[in-house]
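The shown structure was predicted, so the numbers you read here are calculated from the model rather than taken from an experiment.
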Amino acid sequence: MGIKLNLENIKSQIPIDVQLVAVSKTKPIEAIREAYDEGQRIFGENKAQEMADKYDFLPKDIQWHFIGHLQTNKVKYIAPFVSLIHSVDSFKLLAFINKEAERNNRVIDCLLQFYIATEESKFGFDLEEAETMLDSSEYNSLKNIHLTGVMGMATYTDNFDLIKSEFKQLKTYFDILKQKYFKNDSQFKEISMGMSGDYLLAIDEGSTLIRVGSSIFGERTYKK
Ligand SMILES: *Cc1c(COP(=O)(O)O)cnc(C)c1O
């Protein structure tokens with residue numbers, strides 16, 4: 001169909017217990033359809049409205065993963081169908097997701113995003129903030145969200161030692177939370193880390209969900 005994807009090549013490199021999120025942000029419906037026809041079912045988007053628009057046009061067995069910073073007033077666009085929100089970075093957001101999930105009679109799976117990078121601009125919890133939330137009665141009263149793991153974004157750098165240490169940090173956070181809060185919850189098992197430049201490293205460090213965009217679909221062009 002004219003669009004050349006690099007999907008098979010990436011799939012051939014990853015173990016079967018690691019899931020591939022094809023990050024289709026900014027890419028047209030046709031590119032997603034092409035990947036779908038090659039068997040891909042999980043797609044990642046970072047804008048709520050864009051995800052909702054694409055959802056309308058595409059097969060309903062696609063699992064839509066939200067991977068970007070999510071504003072509370074945008075949760076309603078994706079709450080009816082989103083299958084995993086990777087980027088929960090505050091209790092306030094989690095409470096909003098819970099409310100919208102309840103309105104839609106669903107339980108929405110979420111990951112806690114941790115701040116692991118050295119850059120100022122990234123979002124996410126630190127360990128203490130996450131533990132404070134998980135200990136709170138407010139969190140424990142939320143019935144329409146289910147935490148299934150953690151997510152992190154490494155520093156944007158070609159220093160692989162730094163990226164590796166950040167992935168290790170996220171794995172440590174996961175292990176601590178698993179032990180302390182989710183020991184008996186077999187569904188708390190996801191570590192979302194690794195992008196086009198570093199997914200093999202992320203898998204070595206324990207990633208269960210890699211988020212790969214440009215290596216599948218080609219470079220993104222932003223019109224702004
Ligand atoms: C865009 C994006 C990705 C994919 O980035 P690539 O470098 O194109 O693979 C992964 N995770 C998040 C949170 C993103 O916003």
Side-chain angles (χ1 to χ4, degrees), residues 18-19 21 23 42 44-48 51 63-75 78-79 82-102 106-155 163 165-195 198-199 202-203 205-211:
V18 173
Q19 290 196 293
V21 180
V23 176
I42 306 177
E45 293 282 338
N46 69 343
K47 298 240 163 33
M51 182 191 264
Q63 297 164 44
W64 292 98
H65 286 203
F66 194 86
I67 61 169
H69 180 59
L70 182 56
Q71 291 169 292
T72 52
N73 62 346
K74 303 282 172 64
V75 175
I78 61 171
V82 68
S83 90
L84 181 65
I85 298 175
H86 289 229
S87 43
V88 173
D89 55 11
S90 69
F91 174 73
K92 182 180 165 215
L93 175 59
L94 195 61
F96 257 85
I97 295 168
N98 185 74
K99 195 178 77 182
E100 291 296 328
E102 195 178 353
R106 328 181 41 209
V107 173
I108 297 180
D109 287 346
C110 297
L111 307 179
L112 289 186
Q113 181 169 357
F114 277 90
Y115 180 84
I116 54 172
T118 55
E119 295 151 328
E120 283 293 327
S121 61
K122 300 263 158 79
F123 295 96
F125 287 91
D126 64 27
L127 185 60
E128 194 186 328
E129 289 165 346
E131 293 194 331
T132 302
M133 182 182 84
L134 293 170
D135 285 326
S136 71
S137 56
E138 289 88 346
Y139 162 75
N140 283 287
S141 71
L142 303 180
K143 299 291 178 248
N144 292 75
I145 53 93
H146 185 198
L147 295 183
T148 60
V150 301
M151 179 269 212
M153 286 183 78
T155 302
I163 296 173
S165 72
E166 293 172 353
F167 287 160
K168 281 189 190 300
Q169 180 79 77
L170 186 62
K171 172 70 162 73
T172 302
Y173 290 158
F174 172 84
D175 289 340
I176 291 169
L177 296 184
K178 177 76 189 173
Q179 173 70 23
K180 204 164 160 188
Y181 299 96
F182 299 98
K183 223 174 172 169
N184 299 316
D185 182 351
S186 62
Q187 293 186 70
F188 189 88
K189 60 179 170 51
E190 307 296 357
I191 304 176
S192 166
M193 59 186 186
M195 315 191 348
D198 53 27
Y199 62 88
I203 291 168
E205 298 304 329
S207 177
T208 65
L209 271 175
I210 56 173
R211 311 178 307 265

Is there side-chain contact between [X] and [Y], with at least one heavy-atom pair below 4.5 Å?
X: F66; Y: V88; result: no
X: V82; Y: I97; result: no
X: I42; Y: L84; result: no

Assess whether side chain to side chain contact (heavy atoms under 4.5 Å, CB included) is satisfied between L147 and F182, documenting all intermediate values.
CA-CA 9 Å; L147 295 183; F182 299 98; 4.0 Å; yes

Would you call the rings of H65 and H86 parallel, tilted or perpendicular, where under 30° means parallel and over 60° means perpendicular?
tilted

Of Q179, K178, K171, which meets side chain to side chain donor-acceptor pair (under 3.5 Å) against D175?
K171

Could you list the residues that satisfy salt bridge (charged side-chain N to carboxylate O under 4.0 Å, His left out) with K168, not counting sequence neighbours?
E205

Holding to ring-ring contact (aromatic ring centres under 6.0 Å, His included), I want the full list of residues that pass it with Y173, two or more places apart in sequence or in another chain.
F114

Is it the case that the side chains of D89 and Y115 hold a donor-acceptor pair, with the cut-off being a distance below 3.5 Å and no angle test?
no

Between Q187 and T148, does any side-chain donor sit less than 3.5 Å from a side-chain acceptor?
no

Shortest non-hydrogen contact between I163 and D198, atoms and distance
CG2-OD2, 3.8 Å

Results of side-chain hydrogen bond (donor to acceptor under 3.5 Å, both in side chains) for K189 - residues two or more places apart only:
none

